[in-house]
2 protein chains.
Amino acid sequence: MIRPGAPTLEDVARAAQVSTATVSRCLNSPERVVEATRLRVLAAVDRLGYSPNFGARALAARRTDTIGAIIPTMENSIFARGIQAFQEELRAHKLTLLIASSSYRPDQEADQIRTLTARGAAGFLLIGHDRNSEIYSFLKRQGVPVLVAWVYDPNNPQPSIGFDNRSSMRALAARVIELGHRDIAMISAGQAFNDRARDRVSGVRDAMELSGLEPQSLRLMETTYGIESGADAFSALMAAETRPTVVMCGNDVLAAGALKRARQMKLRVPEDISITGFDDIELARLLEPALTTVHVPHREMGRQAARMLVDMVEGGAPQASIELQTTLQMRDTLGPPRTV
Amino acid sequence: MIRPGAPTLEDVARAAQVSTATVSRCLNSPERVVEATRLRVLAAVDRLGYSPNFGARALAARRTDTIGAIIPTMENSIFARGIQAFQEELRAHKLTLLIASSSYRPDQEADQIRTLTARGAAGFLLIGHDRNSEIYSFLKRQGVPVLVAWVYDPNNPQPSIGFDNRSSMRALAARVIELGHRDIAMISAGQAFNDRARDRVSGVRDAMELSGLEPQSLRLMETTYGIESGADAFSALMAAETRPTVVMCGNDVLAAGALKRARQMKLRVPEDISITGFDDIELARLLEPALTTVHVPHREMGRQAARMLVDMVEGGAPQASIELQTTLQMRDTLGPPRTV
DNA sequence: AAGGAGAATGTAAGCGCTTGCAAAAAGAAT
DNA sequence: ATTCTTTTTGCAAGCGCTTACATTCTCCTT
């Protein structure tokens with residue numbers, strides 16, 4: 001795991017007959033070097049195939065220009081669009097983004113945070129508030145600011161940018177109830193260490209309560225993330241004596257699984273059973289019938305998150321959380337219940 | 001972009017009343033430190049929230065334990081599964097993977113290669129052979145080995161692991177022709193700097209030639225990557241005087257777009273028009289009707305790629321390319337042509 | 001109790017880079 | 001020409017860490 005021969009600044013300096021300081025300046029503030037010299041140096045850089053050593057540079061300059069982000073999964077596009085926008089905006093600020101994924105596991109997330117910190121992350125974008133307080137204190141001691149995304153919680157002192165998962169889901173559930181559904185089931189991702197999942201469940205219960213339904217009557221199925229999990233949870237729900245008339249899913253991936261299984265079971269959607277999602281990923285429009293879901297402004301969130309985090313890292317000024325609005329995306333998987 | 005207060009090895013050493021060498025040993029080869037000392041040191045590490053500085057460590061140890069991978073896109077799951085397996089296998093070898101994406105652009109890929117090299121990548125996984133030779137010579141001068149994946153080309157001296165895109169597509173096209181299709185259209189990703197796309201087109205032409213069809217009669221539509229692009233290309237193809245009876249797509253994402261547009265145009269698949277894909281990503285099974293495509297053993301490829309690359313980085317022994325087999329995944333979007 | 005082997009720890013050099021300061025070179029003004 | 005600026009370049013310290021080597025401490029052996 002060694003790179004013995006890689007050329008160094010000194011090699012370039014020797015080849016160009018200048019000092020290492022001059023080479024360094026050529027690379028970092030070219031205007032401070034007269035053209036003749038600069039050309040000579042850059043030629044040497046090219047000829048030798050020189051590549052600066054980031055570690056050494058960061059060490060000497062005490063600056064890394066690096067931001068870290070840890071997302072629960074890269075396997076699907078739930079976070080892809082937002083992170084893409086985040087990265088683009090960071091690049092405009094000449095910052096590099098280091099991405100890692102945690103597979104929805106708190107321990108892995110903690111690991112990745114340490115790894116990226118070691119590698120110079122000067123600020124972090126993390127998803128959701130829920131995590132061990134040790135991580136926050138570690139980051140505080142390291143002097144690394146954290147911005148939480150995909151949620152908005154004005155009551156949490158930790159700055160965040162995102163949307164109100166609870167009220168968003170409440171709005172969708174209200175629409176569901178308005179259509180006449182009384183027997184509601186829900187497939188949720190694991191609620192431990194996942195405030196988004198919890199809030200979405202609460203949102204459904206809120207709506208039930210507001211409409212005079214018994215919140216406890218919600219048939220809740222908790223499962224791991226993934227299409228197959230969603231499908232299996234759907235089967236379990238449908239195995240009940242009296243079937244629900246609607247299955248609300250905590251996200252589009254679970255909904256895709258539910259929909260797939262519904263088709264396998266020859267159930268017509270939405271005539272026999274309604275299904276809803278959350279996130280509005282690209283997949284939602286491709287499914288047949290197209291998925292009714294909650295649209296989240298991912299790109300906007302990513303872009304604004306980058307700006308906020310840059311401010312936090314540079315200015316150190318405490319940032320106020322920002323709330324983004326979601327919208328109901330009515331498509332074809334939600335209809336009135338069969339017998340109303 | 002500074003982290004002023006972050007504790008250093010020296011801070012820990014002082015707190016634990018030992019030398020920095022001992023702290024370093026505690027962290028890297030704990031068995032060389034007597035337990036009493038070790039406990040004291042680790043306690044100090046914990047108390048201070050110490051995190052090692054990767055750059056400094058790499059500098060001193062002349063070792064980075066880091067591998068880089070550059071994939072064309074993270075936006076969809078074409079590469080996700082393979083890279084996931086790749087990463088898991090690397091982790092088993094105590095190596096960290098740094099991932100970057102190039103948006104299918106050679107210049108961005110070159111950039112990312114330089115960036116990750118600077119950050120210590122001791123080996124690279126790259127997709128496909130096609131790239132500027134300068135990049136290869138740069139990497140050679142840096143002493144960084146490269147493994148090419150997602151393709152298998154025994155004629156290329158560069159070691160690779162993957163499958164034969166050309167013969168895989170030929171097999172699918174042969175099946176298409178066997179079903180009676182004579183009027184074949186194809187939607188391909190851009191062929192410039194993309195040997196996979198080129199090979200897949202060649203594969204279709206091969207099959208046509210073998211069956212006595214004129215390869216030049218293939219109606220080829222080249223487009224950028226993405227669902228919408230696939231949909232638009234499909235529209236363009238269908239605007240022709242005499243419509244093709246089958247549209248073969250260079251990958252599943254384009255096929256998803258084509259299928260979506262076909263539905264919008266009220267065409268029945270496969271009765272009115274057949275559509276095929278390539279890759280067999282998760283989406284292929286979710287589409288309605290489910291997509292006929294070529295299955296690629298992504299996980300296997302990722303795992304084996306990791307093993308090969310580790311060998312290359314450690315042993316330096318030149319590796320022989322490995323071929324993996326694809327299989328036809330017949331599902332529901334391919335049928336006989338309408339009038340046969 | 002002395003000597004020696006082996007284990008535990010410390011000392012200090014140096015990895016490749018940036019940057020404050022000083023020196024040298026190049027113009028500008030007299 | 002001479003002096004004064006201003007620009008361009010070099011010198012050298014030091015960023016946080018690992019590791020070869022030197023030193024000290026333990027614990028046997030005799």
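Chain letters run A, B, ... following the sequence lines, proteins first and then strands; every chain starts at 1. None of the values given here were measured: they were computed from a predicted structure.
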Could you give the side-chain donor-acceptor pairs of residues 87-99 of chain B under 3.5 Å, partners two or more places apart or in another chain?
unit_1	atom_1	unit_2	atom_2	d
B:E88	OE1	B:R299	NH2	2.9
B:E88	OE2	B:Q84	NE2	3.2
B:E89	OE2	B:R307	NE	3.2

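Nucleotide C:dT18 holds its P atom 12 Å from the CZ atom of A:F54, rounded to whole Å. Rounding to whole angstrom units, CG of residue B:L59 and C1' of C:dC15 are separated by 4 Å. Going from atom CG of B:D65 over to atom P of D:dC17 covers 16 Å, rounded to whole Å. Rounding to whole angstrom units, CG of residue A:L9 and P of D:dA12 are separated by 17 Å. Separating the CG atom of A:L39 from the C1' atom of D:dT8 is a distance of 16 Å, rounded to the nearest angstrom. For the pair B:L27 CG and D:dT18 P, the computed distance is 7 Å after rounding to whole Å. Separating the CZ atom of A:R63 from the P atom of D:dG16 is a distance of 15 Å, rounded to the nearest angstrom. A:D11 places its CG atom 12 Å from the P atom of C:dC15, with the value rounded to the nearest Å.
Scanning for salt bridge (Lys or Arg N to Asp or Glu O under 4.0 Å) contacts around B:R105 gives B:D107, with sequence neighbours left out. With sequence neighbours left out, A:S133 forms a side chain to side chain contact (heavy atoms under 4.5 Å, CB included) with no residue at all. By the side-chain hydrogen bond (donor to acceptor under 3.5 Å, both in side chains) test, A:S103 is found to be paired with no residue, residues two or more places apart in sequence or in another chain being considered. With sequence neighbours left out, A:S77 forms a side-chain hydrogen bond (donor to acceptor under 3.5 Å, both in side chains) with no residue at all. Here A:D195 pairs with nothing under the salt bridge (Lys or Arg N to Asp or Glu O under 4.0 Å) rule; sequence neighbours left out. Every residue two or more places apart in sequence or in another chain was checked for a salt bridge (Lys or Arg N to Asp or Glu O under 4.0 Å) with A:R38, and none qualifies. When the side chain to side chain contact (heavy atoms under 4.5 Å, CB included) test is applied to A:N156, the partners found at least two apart in sequence or on another chain are A:H129, A:D153, A:Q158. In terms of the salt bridge (Lys or Arg N to Asp or Glu O under 4.0 Å) criterion, B:E323 has no residue partners (sequence neighbours excluded).
Side-chain N/O atoms of A:R62 include none lying less than 4.0 angstrom from OP1 or OP2 on D:dC15. For B:N53 and D:dC15, the shortest distance from a side-chain N or O to OP1 or OP2 is not below 4.0 Å. For the pair B:S24 and D:dT18, the criterion of a side-chain N or O lying under 4.0 Å from OP1 or OP2 is met.
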Name the pairs: protein N/O against N/O of nucleotides 25-27 of chain C, kept only if under 3.5 Å.
none

What's touching nucleotides 7-12 of chain C from the protein side, N or O pairs under 3.5 Å?
unit_1	atom_1	unit_2	atom_2	d
C:dT9	OP1	B:T37	OG1	2.2
C:dT9	OP2	B:V34	N	3.1
C:dG10	OP2	B:S19	N	2.8
C:dG10	OP2	B:S19	OG	3.1
C:dG10	OP2	B:T22	OG1	2.7
C:dG10	N7	B:R25	NH2	2.8
C:dG10	O6	B:R25	NH1	3.3

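The pair B:D111-B:R114 fails the salt-bridge criterion, with no side-chain N (NZ, NE, NH1 or NH2) lying under 4.0 Å from an Asp/Glu carboxylate O.
Mapping A:A56 and B:R57 onto DNA chain D via the closest heavy atom, the residue that lands nearer the 5' end is A:A56.
Here the CG atom belonging to A:L59 is positioned 12.0 Å from the OG1 atom belonging to A:T64, to the nearest 0.5 angstrom. Here A:F86 contributes atom CZ and A:H298 contributes atom NE2; the two are 14.5 Å apart, rounded to the nearest 0.5 Å.
Within 4.0 Å of A:Y50, counting heavy atoms only, lie sugar-phosphate atoms of the nucleic acid but no base atom.
Between the axis at the start and the axis at the end of the helix from C:dA1-D:dT30 to C:dT30-D:dA1 there is an angle of 40°, using five pairs per end and rounding to 10 degrees.
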